[in-house]
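The structure under discussion appears below in the form of C-alpha cells.
In what follows, chains carry the letters A, B, and so on, assigned in the order in which the sequence lines appear, proteins first and then strands, with residues in each chain numbered from 1.
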There are 2 protein chains.
Amino acid sequence: MVEKPSRRDQILNAAAELFARHGFHGVGIDDIGAAVGISGPALYRHFRSKDAMLGEMLTSISERLLDGGQSRVDAASDAEEALRELVGWHVDFALDDPALITVQMRNLANLTDPDRRRVRALQRRYVEVWVETIRRTVPGFDEPTARAAAHAVFGLINSTPHSAHLDRDQMAALLSRMALASLTPAVVAS
Amino acid sequence: MVEKPSRRDQILNAAAELFARHGFHGVGIDDIGAAVGISGPALYRHFRSKDAMLGEMLTSISERLLDGGQSRVDAASDAEEALRELVGWHVDFALDDPALITVQMRNLANLTDPDRRRVRALQRRYVEVWVETIRRTVPGFDEPTARAAAHAVFGLINSTPHSAHLDRDQMAALLSRMALASLTPAVVAS
DNA sequence: GAAGGAGGTTAGCAGCCGTTCACTTTGTCG
DNA sequence: CGACAAAGTGAACGGCTGCTAACCTCCTTC
C-alpha cells in the first residue's frame, strides 16, 4: 500500500514543476491550483502565500542537499571516497528531481528577504562541505579556488535538466566521470 | 575619442543587468528607464515592447556565440586546438558578459514563441559545433553523449556569475582547465 | 527661420494577479 | 444524528505594470 503524499506535498511538487518551466512570476495561483485539481484560492488553506510556497520549497531543497552531502562525507573512510560520494549524491539529486534543482538555481532572487537569508546560509554550508572535501583530495587548491571549482561542478551537474536525451544511468555515469575528472590534481597546475 | 554606444545598446545593457539580477518579470519598464536616466515610457521610442527587448537581447547573444565559436573552430589547425579555442572563447564570453550569459540561461521561457524558435535554432547550431569538435577529439563519444557533455561543459563555464571571487585571469584559467579535463578520453571509459 | 522628426515627459487606462470574503461541501467523531 | 473543523468554490477588490495618448523640446535642415 502506497502512502499517498499529503496535499501540501502535492502542491509543492506541482508548483516546483511549473516554477521550473515558466519561472516564479510566470506562474499564477490558478495554474498551481489547476495542476492539483483544485482551483485558485483553495491553496490558501495550505500556504500563507505564494511566496511562502517558494520559501518552503527552497529551504527544504537546501536542507536535503546539505544533510545528504554531510552524511555521505561523514560515512566515507577517506577523502577520495568522500568526493566520489559527494559527486554521486549531487548527481542523483539532480537526476531524480530536475525541477527542484532548476528552481533552486533560478529562483533565489524571488525569495522574501528572510527566506533568502535562510536558504543562502544553508547553501553556504553545503558549499563548505564540498570545499573541505575538494581541498583534502586536491591539496594544491587554495580556498577561493576550491570554492570556485565547487560552483563550477554544481553548474556542470545541474545542467542535466537541459539535456536529458540520455537514459538515467548513462547520464549519471557521464556526469560523475566529468565532475571527477574536472577535480583531478592535474587541473591545479599553473 | 571613444565612440559612445547607441541609446538602444545602453538600454539593452542596462536591461540585461536587471534581467539577470531580478528575472524578466521582476523588472519593470520604469526600472529599465531609470537605469539609463530616462523614465519609463520613453523606452517605446526605441523598442516595440518589453518582449522585443528580450528577444533582441537573446538573439544577439546566440548569434555572437555561434559566430565566434564557428570562426575559432575554422581557424584551428587540428581538433585539439579547436577544442581549446572553443573552450577559451566560451570562457571569455562568460567572464566578460556575465549578465548576458545569465539571462540566456534563465530567461528562454519568457520569449515570444517566434523569438524562442529563432534563439533555439541558433543555440542548436552552436551546440552542434561543439558536438562535432568534441567527437573529433574524443572519438569514443557517440553523438548523444557528446551533446550531453557539451551541455555539461556549458553549465560548468556558465556558473561563473555565481562564484566570481577570483580575479578574471585565475578564473579563466581554472574554468578552461576544468572544462578540458572533463572532456578527456579518460571519461569515456565505461 | 519655419518645418519636422527624434526623443523625452506626465497622466491615465486596461488587464492581470495575489489575496480575502462569504458561503458551501465533506468527512469525522461524540 | 448533530456538530464542528477542514477543505474547496466563485465573486470581488486593490495594487501593480505594460502600454498608449497627448503634449513638449530640442536639433537638424532647406
Side-chain angles (χ1 to χ4, degrees), chain A residues 1 3-59 103 106-116, chain B residues 1 3-59 103 106-116:
Chain A
M1 175 165 179
E3 51 180 68
K4 60 184 176 188
S6 74
R7 189 109 259 207
R8 279 181 73 88
D9 292 341
Q10 284 183 46
I11 295 171
L12 244 35
N13 287 339
E17 207 76 41
L18 289 169
F19 290 165
R21 205 172 1 249
H22 305 108
F24 182 70
H25 290 292
V27 177
I29 279 294
D30 293 341
D31 300 324
I32 305 173
V36 295
I38 67 184
S39 229
L43 297 173
Y44 288 81
R45 301 288 162 187
H46 305 275
F47 295 92
R48 211 184 317 104
S49 68
K50 192 187 170 194
D51 290 323
M53 289 186 217
L54 186 65
E56 189 163 325
M57 194 181 303
L58 288 196
T59 22
V103 173
R106 298 190 183 169
N107 292 48
L108 238 178
N110 299 309
L111 284 174
T112 309
D113 284 333
D115 279 339
R116 182 167 44 247
Chain B
M1 172 167 179
E3 50 179 68
K4 60 184 175 188
S6 74
R7 192 108 259 213
R8 280 182 73 87
D9 292 341
Q10 284 182 47
I11 294 172
L12 245 35
N13 288 339
E17 207 75 42
L18 290 169
F19 290 165
R21 208 175 353 254
H22 304 108
F24 182 69
H25 290 293
V27 177
I29 279 294
D30 293 340
D31 300 324
I32 304 173
V36 296
I38 67 185
S39 232
L43 297 173
Y44 289 82
R45 301 287 164 190
H46 305 275
F47 295 93
R48 211 184 319 102
S49 67
K50 192 186 168 194
D51 290 322
M53 288 186 217
L54 185 65
E56 188 163 327
M57 195 181 300
L58 288 197
T59 22
V103 174
R106 297 190 182 169
N107 293 51
L108 239 178
N110 300 307
L111 283 173
T112 309
D113 283 334
D115 279 339
R116 183 167 44 247

Between [options], which nucleotide gets closest to the side-chain atoms of [X]?
X	options	value
Y44(A)	dA11(D), dG18(C), dA7(D)	dG18(C)
R45(A)	dT10(C), dA7(D), dG18(C)	dA7(D)
S39(A)	dC19(D), dT9(D), dG8(C)	dT9(D)
A42(B)	dG18(C), dA11(D), dT9(C)	dT9(C)
I29(A)	dT19(C), dG8(C), dC19(D)	dT19(C)

So does V36(A) get a backbone contact from the side chain of R7(A), meaning a donor-acceptor N/O pair under 3.5 Å? yes
Determine yes or no for a side-chain-to-main-chain donor-acceptor pair under 3.5 angstrom, with S6(B) supplying the side chain and D9(B) the backbone. yes
Would you say R7(B) reaches dA6(C)'s phosphate, i.e. side-chain N/O to OP1/OP2 under 4.0 Å? no
OP1 or OP2 of dT17(D) under 4.0 Å from side-chain N/O of H25(B): no
Nearest heavy-atom neighbours spanning L18(A) and A35(A): CD1-CB, 4.1 Å
Sugar-phosphate only, base, or nothing, as touched by V36(B) at under 4.0 Å among non-hydrogen atoms: nothing
Can you check whether I32(A) reaches F19(A) side chain to side chain, under 4.5 Å on heavy atoms? yes
